[in-house]
Amino acid sequence: MSGCQQQKVEQKKELLIYCGITMIKPMTEIAGIIEQKYDCKVLITKGGSGNLLKSIKANKIGDLYLPGSGSYIQACLEQGLVTDTVHVGFNKAAMMVQKGNPKNIPANLDSMADKSYYVVIGNPESGSIGRETEKILTKKGIFAKVAGNVQMMTTDSKDLVRVLKDKEADLVINWYATSTWPENSDSLSVLPISDKYAGKKKLIIGLLRFSRYPEISKAFMEYASSAEGKAIFNKYGLYDVK
């Protein structure tokens, strides 16, 4: 191909989105809609919200960021990393056990500190569920006690699901939405946490200040926060949470 011909080949615009693992399903569905509508490519990097934020700070590339907790977006706003935001859904933490609760674990946060159970929690440094778990247990006044009882800390919500599915753990705290997905609902049961300790957390998409395609990024944000977009989030347990 000659140089002139190469210049005629237009590369599709590519959006880069940083997305917390629990929100990957609705974001992928919305990405498909945006790709069709704007003839672009949407790349989604998934991981623990804290780890994603570290990547954003280090690389200074990308268009949108959706962490599992609004506290990360607040930090981005304070540090000038995000210039615009929209609210798209809600998240809420819950205790989870193997399907049917075979060990009859009481639906009480104190169970997290019971040495009779193999307890796993998320790492507060790597993901939103770890940070939320620390807040919940600190509010209850038992974080240090639970930290001394846990067998391991995972990086994100996906691994918290895995340890229950593989019967490696008896009890975890994870985002409620993960329990509603068909691939998980037959493997785990939910023990709700009182609203006194675990409230609904807003899910907020932030527009990164170094976005190469802010117009398409804002179109993505507009759709995600519309009635249609919120219905997609709700389909995956991320809007009407209890």
Close side-chain approach of Leu53 to Pro67, heavy-atom, < 4.5 Å: no
Ring centres under 6.0 angstrom apart (Tyr239, Phe233): no
Rounded distance (nearest 0.5 Å) linking atom CZ of Phe210 with atom NZ of Lys60: 7.0 Å
Nearest-0.5 Å distance that lies between atom NZ in Lys200 and atom OH in Tyr176: 12.5 Å
Side chain to side chain donor-acceptor pair (under 3.5 Å) between Ser211 and Asp63, intermediate numbers included: CA-CA 4 Å; Ser211 171; Asp63 300 279; 2.6 Å; yes
Heavy-atom side-chain proximity of Ile232 to Ile33 below 4.5 angstrom: yes
Test item: Asn101 and Leu191 side chains (from C-beta on) under 4.5 Å apart, heavy atoms: yes
CG-CD1 distance between Leu207 and Ile73, expressed to the nearest 0.5 angstrom: 10.0 Å
Side-chain donor-acceptor pair present, Arg131, Ser69, cut-off under 3.5 Å: no
Distance-minimising heavy-atom pair for Tyr72 and Ser49: CE1-CB, 3.7 Å
Residue pair Ile105 / Tyr117, side-chain heavy-atom distance below 4.5 Å: yes
Residues Leu43, Leu15; criterion side chain to side chain contact (heavy atoms under 4.5 Å, CB included); working and verdict: CA-CA 6 Å; Leu43 305 176; Leu15 259 62; over 6 Å; no
Check: Lys57/Gln79 side-chain N/O donor and acceptor closer than 3.5 Å: yes
Inter-residue atom distance Asp84.CG - Arg209.CZ, 0.5 Å rounding: 15.0 Å
Any side-chain donor near an acceptor of the partner, Thr178 and Ser157, under 3.5 Å: no
Crowding at NZ, Lys158 (>12 non-hydrogen neighbours, <6.0 Å): no
Phe220 and Ile17, any side-chain heavy atoms less than 4.5 Å apart: yes
Connected via hydrophobic side-chain network under 4.5 Å: Leu16 and Ile24: no
Smallest separation among heavy atoms of Tyr65 and Leu208, with atom names: CB-CD2, 4.1 Å
Salt bridge (Lys or Arg N to Asp or Glu O under 4.0 Å) between Lys235 and Glu29, worked out: CA-CA 11 Å; Lys235 181 166 67 171; Glu29 188 167 330; 3.0 Å; yes
Straight-line distance of Tyr18 OH to Ile44 CD1, nearest 0.5 Å: 13.0 Å
Side chain proximity check, Lys41 to Lys13, heavy atoms < 4.5 angstrom: no
Electrostatic pair Asp195:Lys92 at N-O distance under 4.0 angstrom: yes
Side chains of Pro124 and Met153 in contact at under 4.5 Å (non-hydrogen atoms): yes
Within one Ile-Leu-Val-Met-Phe-Trp-Tyr cluster: Ile34 and Leu203, side-chain cutoff 4.5 Å: yes
Any Asn149 side-chain heavy atom under 4.5 Å of Met112 side chain: no
Evaluation steps, salt bridge (Lys or Arg N to Asp or Glu O under 4.0 Å), between Lys12 and Asp39: CA-CA 7 Å; Lys12 277 192 176 182; Asp39 190 28; 3.3 Å; yes
Minimum heavy-atom distance between Val120 and Ala169, given as atom pair plus value: CG2-CB, 3.7 Å
Joint cluster assignment, Leu160 & Met96, ILVMFWY side-chain distance < 4.5 Å: yes
Cluster link Trp175 to Leu238, ILVMFWY, side chain under 4.5 Å: no
Salt bridge (Lys or Arg N to Asp or Glu O under 4.0 Å) evaluation trace for Glu183 with Lys165: CA-CA 10 Å; Glu183 66 267 31; Lys165 281 186 168 184; over 6 Å; no
Exceeds 12 heavy-atom contacts within 6.0 angstrom, atom NZ of Lys99: yes
